[in-house]
**Q** 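Quick one: the structure is below, and I'll ask about it shortly.
Computed from a prediction, not measured in an experiment: that's the story for all the values here. Lettering of chains follows the sequences in order, A, B, ..., and the numbering in each one begins at 1.
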2 protein chains.
Amino acid sequence: MRPSIKDIARLAGVSTATVSRVLNDSPNVSPRTREKVLQIIRKLNYVPSHTARSLRRERTFSIGLIVPHSADYIFSFPYLNLFIKGLSRGAREKKYHIIFSTEDENIMELYEEFVRKRVVDGMVVVDVSDGDPRVALLSSLKLPFVVVGRPSGVNDYIYVDTANEEGAYEAVKHLLKLGHRKIHFVNGPSHLSVSRQRLKGYLKALEEAGVALDTRFLHQGDFMEETGYTIVKELLNRGDKPDAVFFASDTMAIGGMKAFEESGIQVGVDVSVVGFDDVPAALMVKPSLTTVSQPICDVGYNVARLLIGMIEGEDVKSVVLPTKLVVRESTVGGATVE
Amino acid sequence: MRPSIKDIARLAGVSTATVSRVLNDSPNVSPRTREKVLQIIRKLNYVPSHTARSLRRERTFSIGLIVPHSADYIFSFPYLNLFIKGLSRGAREKKYHIIFSTEDENIMELYEEFVRKRVVDGMVVVDVSDGDPRVALLSSLKLPFVVVGRPSGVNDYIYVDTANEEGAYEAVKHLLKLGHRKIHFVNGPSHLSVSRQRLKGYLKALEEAGVALDTRFLHQGDFMEETGYTIVKELLNRGDKPDAVFFASDTMAIGGMKAFEESGIQVGVDVSVVGFDDVPAALMVKPSLTTVSQPICDVGYNVARLLIGMIEGEDVKSVVLPTKLVVRESTVGGATVE
DNA sequence: TCTCCTGATGTAATCGATTACATTATAAAA
DNA sequence: TTTTATAATGTAATCGATTACATCAGGAGA
């Protein structure tokens, strides 16, 4: 069997209390004793049991992440790997573990399990909406949690988000600068707060440039490729060729590009297209896609940092990270100035 | 505070042992007592502490997954999300949790932590190579583990893999059927066993068709887009236009496609290209990419199933899941028969 | 030398469950 | 009714750490 603290105590000729003090860097241990204990510990390759420590300390040193595998979610948040990478780094720095699960249905059941069984000290909540039952549960049990993405209603909880409004603003400003005026906007589902924020950015850029809003230029999508394709097809079918289209996801933008090309309209020459997210495919399509890149890895890192801060009783504040416009081939082509 | 088993026992007027029996569906509890205890449990919303149970049972009911973020890995295994989804489903069916981490360096340190601290009951090992120190550690501590992908050397441990050889075989057979003879193969790093397997499939298809192997047609890549691009460029620069190229990853295939198009060679018409993996971008590029699809989600599911089986003392066997050739536009074009 | 203080160490309770063993209640058999 | 088998329940040890409190040793100061 793997050694326990008792074995170490026995072999070092001290009590378990002393071993524990050595393990936790307590100051009240004589150098001689400490050395003796450390020697035995090294010899036996002893590492204290995480479970026992958790039980005694009434803390699991773990944070929970449950990813809903709803379509909305996957496409509004394609960078799961990067997010997790950042989250993992942040957790590891503070010696926390991540308990991970994906779930389609019964998500509340899984939440109940994580929370009431005391499997985690805090939760990462993704894809949150108004009146979310997960938030209600966590609040009622006073379990720390951090929301990924900005909640739309009251802001009485901590979140990490990217500057969606500014990102959209920059994208549209870029299109305006190229001389475009008929700039369509294919947004995400309107119930998501990212959608509201991006719309704000779109409107702000137009207003600032003194371009009147044409509501016929606003479309609601769902982040899926097919939807981008369909919306552009419809536009073209009714003879309504835009100067530019700003899509709220790269995936939709790629669908839209296909529709343009099928109609013999060359993206990056006859029309400009901008996406959002900077997914790997944005670089692989031809022409490569101008898009708004989000620091997803940093989002993950900050979520971990804030959440663990909350767990440890610090006073933390929500964070909004900057987005960046990445100009590629889908917009550098000549502009069709009216 | 959240209620403990003692609170339930007190309120129900029984001992903690009886409450525990109710919780664990022990047969020796009278219906009357059971009902009384369950009533209190429901009233207080009591759920037993996972930590306490783990300590007593000397089992954490968790499996560990550490994903190395090395470039090789990411590109040879782009479907992390899907894999995790399957793994998660498998784990949840057996009421296990997944402890997840990503790691660049110090991966052994993290392994030591997971294993010696007894954070997990078993490990999922990805991206394994010959004489892997992780495998050595797990073996020496007798901690159950399952390897994702087939080890190349001795098979004295359990793995879940896809039929890489058969996948490559089908892909090349498809190209041969189209009439291609000069079929180049851009493989992955030769130290990976997937690469060896795919090479085998390539060779087998050629042999079966009576096509002699030209070793100049074999190239070593690294799964990255740029490498695919470079290799094709070099080929074309020395005036060596292939009939078809089979890439060991979609990402390389997409790079290769770019190189062809830049040289005015139309993929799907003048040359055929086949990839491997079926990443989302395979559908988004133009022409869409013919590729070998792997059931990544099932791989994850089976890994969980086997690993938990091992932990619970069952006698489990390695699994190889079938791949599927997905024919798209990059190969349906007319073949350049010699 | 004696007292007092401080630093080092030990004792034992504790976290919240499970479980071997002991005990008691209940029903069947004699 | 008494004996005996069995079902139901309780007692207390246990998993492996942490920690409040007790104790002890040794040095400073009187």
**Q** Could you go step by step and tell me if A:R92 and B:E109 meet the salt bridge (Lys or Arg N to Asp or Glu O under 4.0 Å) rule?
**A** CA-CA 12 Å; A:R92 214 159 125 50; B:E109 198 183 286; 3.7 Å; yes
**Q** Can you sort out which residues in residues 30-41 of chain B have a heavy atom within less than 4.0 Å of DNA chain D? Ascending by number, please.
**A**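 Heavy-atom contacts with DNA chain D come from B:S30, B:T33.
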**Q** Can you tell me if A:N28 touches the phosphate of C:dA8, counting only side-chain N or O atoms and a distance under 4.0 Å to OP1 or OP2?
**A**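 For A:N28, the contact criterion (side-chain N or O under 4.0 Å from OP1 or OP2 of C:dA8) is met.
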**Q** Along nucleotides 11-18 of chain D, 5' to 3', which nucleotides get a B, which get an S, and which get a -, given that the test is a protein heavy-atom distance under 4.0 Å?
**A** BBBBBBBB
**Q** In plain terms, say whether B:R118 and B:E112 are close enough for a salt bridge, that is, a side-chain N and a carboxylate O under 4.0 Å apart.
**A**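 Looking at B:R118 and B:E112, the cut-off is not met.
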**Q** Measure centre to centre between the rings of A:H97 and B:F114, then say whether the value is under 6.0 Å.
**A**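 Ring centres of B:F114 and A:H97 closer than 6.0 Å.
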**Q** For atom NZ of B:K36, is the number of surrounding heavy atoms from other residues, nucleotides or ligands below 6.0 Å larger than 12?
**A**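 Check passes, neighbour count above 12.
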**Q** Is it the case that over 12 heavy atoms from other parts of the model lie below 6.0 angstrom from the CZ atom of A:R42?
**A**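 More than 12 within 6.0 Å, yes.
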**Q** Are any of the side-chain nitrogens in A:R305 or A:E314 under 4.0 Å away from the carboxylate oxygens of its partner?
**A**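 Looking at A:E314 together with A:R305, the answer is no, because their closest N to O distance does not fall below 4.0 Å.
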**Q** Between B:E103 and B:Y111, does the side-chain hydrogen bond (donor to acceptor under 3.5 Å, both in side chains) criterion hold? Intermediate values first, please.
**A** CA-CA 10 Å; B:E103 184 54 280; B:Y111 257 81; over 6 Å; no
**Q** Are A:E312 and A:R59 ion-paired here, with the side-chain N under 4.0 Å from a carboxylate O?
**A**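 Salt bridge between A:E312 and A:R59, a charged N being under 4.0 Å from a carboxylate O: yes.
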